[in-house]
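One structure is given below, encoded as structure tokens.
Since the model is a prediction, treat every value here as computed from it, not as a measurement. Residue numbers start from 1 in every chain, and the chains themselves are labelled A, B, ... in the order their sequence lines are given, proteins ahead of strands.
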Amino acid sequence: MQASETHAILVEPNLADYDAIVRSFSWEQERNRLTGLPGNQGLNIAHEAIDRHATGALKDHTAIRWIRRDRSGQDFTYHNLYELTNKFANVLTMLGVNKGDTVFTFMGRIPELYISALGTLKKTAIFCPLFSVFGPEPVKQRLTKGNAKVLVTTMDLFEKKIRPLLEQLPTLQHVLIADAENDLNDKVSSLPVLLSKASPVFTIPATRPDDAALLHFTSGTTGMPKGALHVHGAVLTHKVTGRLVLDFHPNDIYWCTADPGWVTGTSYGIISPLVNGVTNIVDEEEFDAARWYSILEEQKVNIWYTAPTAIRRLMRMNIRPRKQYNLEHLRLILSVGEPLHAEAARWGEETFGIPVLDNWWQTETVNFGLLAFDQIANNAATLQHMSGGQLHVPVVIRMSCGIGRQLAAQHSHSWEPLFAHIPGLKVLSVGTHEDARGMLSAALQDPDPVIIFEYTAMLNLEGAVSAETGIVNMSHAKVRREGKDISIITYGSGVYKSLEAATELAAVGIEAEVVDLRVLRPLDEETMSR
Amino acid sequence: MNKTHRAVIVEDAWRSVSVSSEVTARIMEKCFYELDAPVHRLCGVEVPIPYPKHLEDASIPQKDQTVSVVKNIFSHD
């Protein structure tokens, strides 16, 4: 056996025995694998990703290997990244950026993107990456919705897409140009100049696990893009999934082909590999089959995380990678982004000798629930009964339903009655923001199947939810407005519309009570008859 | 029901064999002698959901319908 083969063969998968892991897994134990900020100052993603390695055994280990368009490379050790991100955090301090302010990046996969991301997290500001292919309108939408205070970009993108927008972005105070030698004006500065003035020493301030860290926007194909905040505590999941799903081992070379403009490219193209202390390959260039295979070979990539779009393109090429390239180090290929067809998974097995593992998931409208109707109605709902109480099916299914997004006949159903018909299921319907949160907590604690219906049209309604929002009692309807003259009994999107109707009726002297059923199975007869 | 003695049920789903059918039946079973008016239902129109926004809006109960149905119930008192 050649030395080069030993790595791929001798590594024992972290998730070798799924059942054993399920039995022994504890979040408490996983939390203990994180170090936390020194002096009990909390939990910060950047500390877990860089600082603790930079001051330990992995100090001189390559954290990021950047491959330029021209194929030349540059290595950044954990210690290099430590100093660079400290400098960036100090630049933000100089610019008056505070905790909770938003720092956007809009650039290709160059080192400044990664330094900005992690430096922003150190500063406890919120990092939001934008995909460099976006046109001016999607960029403007996101910078506006995310209250951008600082934008880091390149000269080319600035001139083409940002300069014409500047007037329309009142919250944006600073634009930093990664490849400008000099400042352009008071507002548009050279990042290298700022970094050269900044100290390489920075102390991460106290950070709570629920402090906001990352802002990601949805693609916006079904309306205005929605921003989703990830908190510093998410690093726990980055760590666990990196170990158990991506199977990170010491000295692994890992390549995630996703751009950080998408959530995979940030969570699994920046944070998870660094938190797990492996070497992260970053390629500046876009897809190119021969280039990709030769990177896998040259860099001795062990774990390759890519997407079905790329896999489909590779499948169309007349390249036999294992014949033409030495891919003996590759032991794991994973795919995410959209579902991977069986054909592609099989192609992986035939072409690389290992299957392409899919870990894609997505929220869909309620209608896809029909594809799983047999499993829901016939298995999940009946197993407890059929096993004499020995088997519980602790599944929670969230379904978005209803009209309002012009998704037409097959994506706009209100299937609540269909599912509420089935004994063995609990069927909940969300009518308020608090319930959206509280019902999920309750459902997750239930040992038996729970279905939660959420109206698609309501997903874009904004409202504050109190941090004290507790767990919803899954057996009771709720009176949303008291009245003595008539009961309006409703659920889901009927709740806010009925409350509006009740306000209008009050103006003509009719006091309507609004009852939100919330639980469609089992129905709460007591509240109804009271 | 023991307090208001009248009910309107508002639901986006189709009317037949719906949550509102069930609620109506249970009100009848449990509170028939408390009722001062027949239970009224406002449900989704029983058609495949249309695509354009104005038809979409017309396919499910809206606030104005609820207001006018309630006023109507009281006008018969």
For chain B against chain A, print all donor and acceptor atom pairs separated by less than 3.5 Å.
unit_1	atom_1	unit_2	atom_2	d
M1(B)	N	M528(A)	O	3.1
M1(B)	N	S529(A)	O	3.4
M1(B)	N	R530(A)	O	2.8
N2(B)	N	S529(A)	O	3.1
N2(B)	ND2	S529(A)	O	2.8
K3(B)	NZ	E482(A)	OE1	2.8
K3(B)	NZ	E513(A)	OE1	2.6
T4(B)	OG1	S487(A)	N	3.4
T4(B)	OG1	S487(A)	OG	2.6
R6(B)	O	S487(A)	N	2.8
R6(B)	NH1	D485(A)	O	2.9
V8(B)	N	S487(A)	O	2.8
V8(B)	O	I489(A)	N	2.7
V10(B)	N	I489(A)	O	2.8
V10(B)	O	T490(A)	OG1	2.8
E11(B)	OE2	Y491(A)	OH	2.4
D12(B)	OD2	S493(A)	OG	2.7
R26(B)	NH1	E525(A)	OE2	3.1
K30(B)	NZ	E525(A)	OE1	3.2
I49(B)	O	A409(A)	N	3.3
E56(B)	OE1	G404(A)	N	3.1
E56(B)	OE1	Q406(A)	NE2	2.9
E56(B)	OE2	G404(A)	N	3.3
E56(B)	OE2	Q406(A)	N	2.9
P61(B)	O	K497(A)	NZ	3.3
K63(B)	NZ	E504(A)	OE1	3.0

>> Please find the pair of heavy atoms, one from V67(B) and one from L505(A), that lie closest to each other, and give the distance.
In response: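 Of all heavy-atom pairs spanning V67(B) and L505(A), the closest is O-CD2, 3.8 Å.
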>> Does any backbone or side-chain atom of I27(B) lie under 4.5 Å from a heavy atom of chain A? Answer side chain, backbone, both or neither.
In response: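 For I27(B), the side chain is the part near chain A, not the backbone.
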> Tell me, side chain or backbone of V19(B) under 4.5 Å from chain A's heavy atoms, or both, or neither?
Replying inline: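 Both parts, heavy atoms under 4.5 Å.
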Measuring heavy-atom distances to chain B, does [X] have an atom under 4.5 Å in its side chain, in its backbone, in both, or in neither?
X	answer
I488(A)	both
L517(A)	side chain
V508(A)	side chain

> In terms of heavy-atom pairs under 4.5 Å, which option from V23(B), L42(B), V10(B), L55(B) contacts chain A the most?
Replying inline: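 Sorted descending by pairs with chain A, the first entry is V10(B).
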> What do the steps show when you test I489(A) against V39(B) for side chain to side chain contact (heavy atoms under 4.5 Å, CB included), and what is the final call?
Replying inline: CA-CA 10 Å; I489(A) 302 171; V39(B) 173; over 6 Å; no
> What distance separates I49(B) CD1 from I403(A) CD1, expressed to the nearest 0.5 Å?
Replying inline: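 These two atoms lie 7.0 Å from each other.
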>> At a heavy-atom distance under 4.5 Å, which candidate from A502(A), G483(A), C401(A), A420(A) has the highest pair count against chain B?
In response: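 It is G483(A).
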